[in-house]
Amino acid sequence: MALCGVGLSPSFESFEVVCVGGNLSTRLIRPSLMRTIGKTSDWKRRLCLGVRCSSLKMEENAPSDLSVPVEEESGHVIRFKISDFKILDHVSVGLGGRAGEVVFEAIVKDTDSPLYNTQVVLRRLTSVRAQRRGRRAIEVLKKLARRRLMYHSYSMQVHGYISSATSSGRSSFTLVHGYHGSFSLRHWLQQSDWLPTLEATLALDKESVRKVGDDTVGGSAVSRQLRMTRILMRDLLIGVNYLHSHGLAHTELRLENVHISPVDRHIKVGILGSAADFYEDRPDGTMDNNLDRRQMMIAFDMRCLGFMMAKMVMQELMDPVIFTKFKSFLTKGNDPSCLREFLLQILHRNSSSGNAGLQILDRNWGAGWNLLSLLLATKPSKRVSCLDSLTHPFLCGPRWRVVPSIDIIRWGLGSTAMRISEEYIYGQPQRSRLSHFIELMEMLNPHSRPKNWLELLPGKWRLLYCTGRHIGLTFRQPPEQVLIGHVHLTVSRVSKLNTNLSFISDIGFTVMTGENWPHDKTGVEGKLQVNSLFRLMAGRRLYLKEEEKNTGQLSFSPSNARDAFAQKLSGGKWRKALPFKESPSSLPVAKLFSSGVDGVTLNLGDPLSKNLNSAGNVVQEIRIQVPPEMFDLSKLVCGTYVDSRLLVLRGVNGSALLFTRSGFDESC
């Protein structure tokens with residue numbers, strides 16, 4: 001939508017309207033053209049000015065409008081006259097007015113005013129709704145006047161108002177507020193060189209970066225953007241928490257409503273004309289209703305902050321098309337903890353390498369993804385507060401020692417395992433680390449009861465890694481060169497009256513028919529599907545020693561891996577994180593009882609579909625490359641870890657299969 005501003009010449013007799021679009025281009029409309037614009041002009045509706053041109057001239061000595069009940073001048077609110085200002089002949093692009101608003105820039109020329117020679121913004125409000133916002137901004141100022149230092153630091157300061165009547169008899173109310181730079185935060189992020197320019201505007205030095213727990217300036221682009229994100233987000237959270245602590249919700253937190261002041265280097269969260277009270281004064285309002293209202297309003301503000309953080313980190317979300325997909329993913333009820341899997345798909349990437357935003361969120365064991373999921377949580381009661389966000393590891397620099405919670409540790413283990421699996425370099429060190437991380441995740445499993453599994457297990461999961469054997473195409477010459485694509489496991493409940501589950505394994509693959517297949521991966525696409533039914537029950541996984549023999553129970557950890565894991569667990573790095581001092585002898589799991597494989601379906605494109613020998617070779621090659629548990633689902637015996645994002649299943653041979661929830665909708 002275009003941003004509109006009105007600049008008047010110093011004579012205040014002629015004027016020109018400047019229309020500024022999203023590409024920062026300007027268009028001037030001469031005074032001679034304004035005579036052709038009527039009250040119902042399409043041009044006026046398109047600009048959403050909401051005011052007749054004849055009403056732009058304000059009368060200095062007109063009587064005050066009785067429909068605008070604002071108190072007379074006090075210590076916090078000043079009633080101005082239009083003669084107190086020198087109107088400038090331009091309007092900054094970041095001050096675009098809304099419907100029913102006309103914006104001017106001016107300088108206070110009244111020598112008796114404490115604001116003498118100060119640049120301010122005159123926001124003329126003509127519609128009833130706009131005037132209501134203006135009056136509300138003054139009410140909020142009076143409510144927050146007790147802590148004016150915080151108000152001046154984190155809000156676009158409201159100085160006062162001009163109230164008058166126009167020559168046509170219509171009411172006129174103009175809000176006078178501070179000028180904090182020509183750009184909103186949205187306009188900053190839309191600049192190609194926004195990062196170095198914003199660093200220069202904020203004059204970042206070692207003293208300023210210490211406020212976010214850092215001790216260095218400069219560095220790589222990823223480090224600089226992460227530092228800037230911390231500075232902006234911490235300032236935003238402090239300002240919003242200031243409002244919440246005074247019983248107010250902002251309700252309009254958007255990039256275009258936020259400005260950065262180069263004077264005090266603080267984020268200004270707007271003029272607060274739409275701020276809402278947590279507690280209603282209605283006689284029938286109960287305490288429970290007020291608490292629910294407070295929780296919902298805080299949750300709404302935190303969700304808006306989550307959207308702002310996502311756009312700061314990932315510049316691709318500034319594209320309206322991509323942001324619409326991003327928002328649609330959340331509105332459909334998908335868990336925000338799966339955002340990484342979704343964004344990798346819509347950004348057409350297999351990993352975070354090469355994308356600064358994804359690398360920022362992946363740092364510190366994926367702490368950025370964790371904070372983003374907490375800000376955008378589906379349930380309002382699950383969203384993080386401002387104070388908890390300020391102590392989150394993602395917003396704390398390396399100089400601050402932050403003790404992570406068990407949830408952060410659990411998230412970090414899973415995020416690191418995901419990143420290692422994406423690199424596809426499975427040497428012995430990587431395989432050993434993945435095995436240790438999976439073991440630790442199993443010991444920290446937050447959902448061990450069958451009812452938790454029945455809630456979290458249904459869905460579509462993508463296979464990330466298997467601790468069993470890995471056989472590829474590099475050193476073999478199979479009869480058919482098969483490239484395995486995504487391997488998915490879809491779980492659904494057969495009935496809510498029992499614990500029966502339907503497992504469907506979908507294996508996508510490509511048969512490369514050319515001789516130059518190491519360089520040309522095109523070929524005939526196909527899909528293999530395996531169906532099976534399971535019954536879920538509570539059980540325990542025993543860690544058996546080598547000398548112990550129990551024919552009724554199975555051990556899923558070889559003795560050498562078990563000893564290495566015990567040695568890892570005894571180290572000081574994990575001793576404080578785990579809820580027990582020594583390795584347990586057993587852990588609760590969800591046992592899976594299979595009724596066998598119900599069916600195998602192979603879909604293969606032409607011309608291979610007409611050749612039975614080729615189809616048989618393809619199936620044999622799939623069985624070699626894919627973990628046997630995905631081809632024969634009956635070999636899955638238990639689930640050892642599950643949350644909203646990750647899943648670990650164990651096979652009969654002891655190997656672990658690590659899955660991530662796939663919420664990607666191909667229709668997007």
Side-chain angles (χ1 to χ4, degrees), residues 328-339 341-342 373 377-379 381-382 410 414 438 441-442 445-464 466 486-508 527-541 556 587-601 626-652 656-668:
S328 176
F329 173 83
L330 298 172
T331 54
K332 290 180 180 179
N334 294 300
D335 198 291
S337 62
C338 307
L339 271 174
E341 174 77 4
F342 174 72
S373 67
T378 305
K379 295 182 179 180
S381 59
K382 299 295 183 181
R410 191 183 294 119
I438 292 175
M441 289 169 58
E442 291 173 331
N445 180 26
H447 307 290
S448 57
R449 297 181 179 180
K451 67 175 183 179
N452 301 134
W453 280 81
L454 292 175
E455 293 175 359
L456 295 171
L457 188 56
K460 188 176 182 180
W461 303 86
R462 180 171 67 89
L463 178 65
L464 290 175
C466 176
H486 288 319
V487 179
H488 289 100
L489 179 67
T490 304
V491 183
S492 59
R493 294 191 65 175
V494 178
S495 173
K496 293 185 178 181
L497 301 178
N498 52 45
T499 61
N500 293 339
L501 298 169
S502 171
F503 280 41
I504 301 176
S505 173
D506 291 310
I507 304 172
K527 182 178 179 181
L528 180 68
Q529 187 177 93
V530 183
N531 301 333
S532 182
L533 288 177
F534 286 86
R535 183 165 54 92
L536 188 143
M537 293 183 63
R540 297 194 70 83
R541 175 192 175 196
F556 302 120
L587 289 174
V589 297
K591 296 178 65 176
L592 299 173
F593 294 92
S594 173
S595 60
V597 176
D598 295 338
V600 179
T601 305
V626 173
E629 293 83 0
M630 295 303 296
F631 188 83
D632 185 0
L633 292 174
S634 62
K635 293 184 178 180
L636 295 173
V637 294
C638 70
T640 55
Y641 181 90
V642 67
D643 60 18
S644 59
R645 183 178 58 143
L646 295 174
L647 169 69
V648 178
L649 299 179
R650 288 276 179 175
V652 67
L657 282 74
L658 176 65
F659 297 85
T660 180
R661 191 182 298 273
S662 178
F664 176 59
D665 185 3
E666 295 181 358
S667 63
C668 294

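Treat the numbers as computed from the prediction; the structure is a model and nothing was measured. What you see below is based on every heavy atom in this structure, not just the backbone, and it leaves out hydrogens, waters and symmetry mates.
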With a 4.5 Å cut-off on side-chain heavy atoms, are [Y] and [X] touching?
X	Y	answer
V597	D632	yes
H488	L463	no
R650	I438	yes
L528	F631	yes
M630	V530	no

Check: [Y] main-chain N/O paired with [X] side-chain donor or acceptor under 3.5 Å:
X	Y	result
S532	G596	yes
N334	F329	yes
R541	A590	no
R661	S337	no
S595	L533	yes

Heavy atoms only: give me the nearest [X]-[Y] pair and the separation to one decimal.
X	Y	result
T660	E341	CG2-OE1, 3.7 Å
V491	W461	CG2-CD1, 4.4 Å
P450	L536	CB-CD2, 3.6 Å
D335	S644	OD2-CB, 3.4 Å
Y641	E442	CD1-N, 4.3 Å
V589	C638	CG2-CB, 4.2 Å

Among R462, Q529, H486, which residue satisfies the side chain to side chain donor-acceptor pair (under 3.5 Å) criterion with D506?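 Going through the options one by one, the only one that passes is Q529.
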
Students often mix this up, so state it plainly: with edges at 30° and 60°, are the rings of F534 and F503 parallel, tilted or perpendicular? tilted

By side-chain hydrogen bond (donor to acceptor under 3.5 Å, both in side chains), which residues pair with S373, not counting sequence neighbours? none

Find the distance between [atom1] ([X]) and [atom2] ([Y]) and round it off to the nearest 0.5 Å.
X	Y	atom1	atom2	result
E629	C466	CD	SG	5.5 Å
R535	T499	CZ	OG1	6.5 Å
L456	L646	CG	CG	11.5 Å
N500	R493	CG	CZ	9.0 Å
N452	N445	CG	CG	8.5 Å
L647	L658	CG	CG	8.0 Å

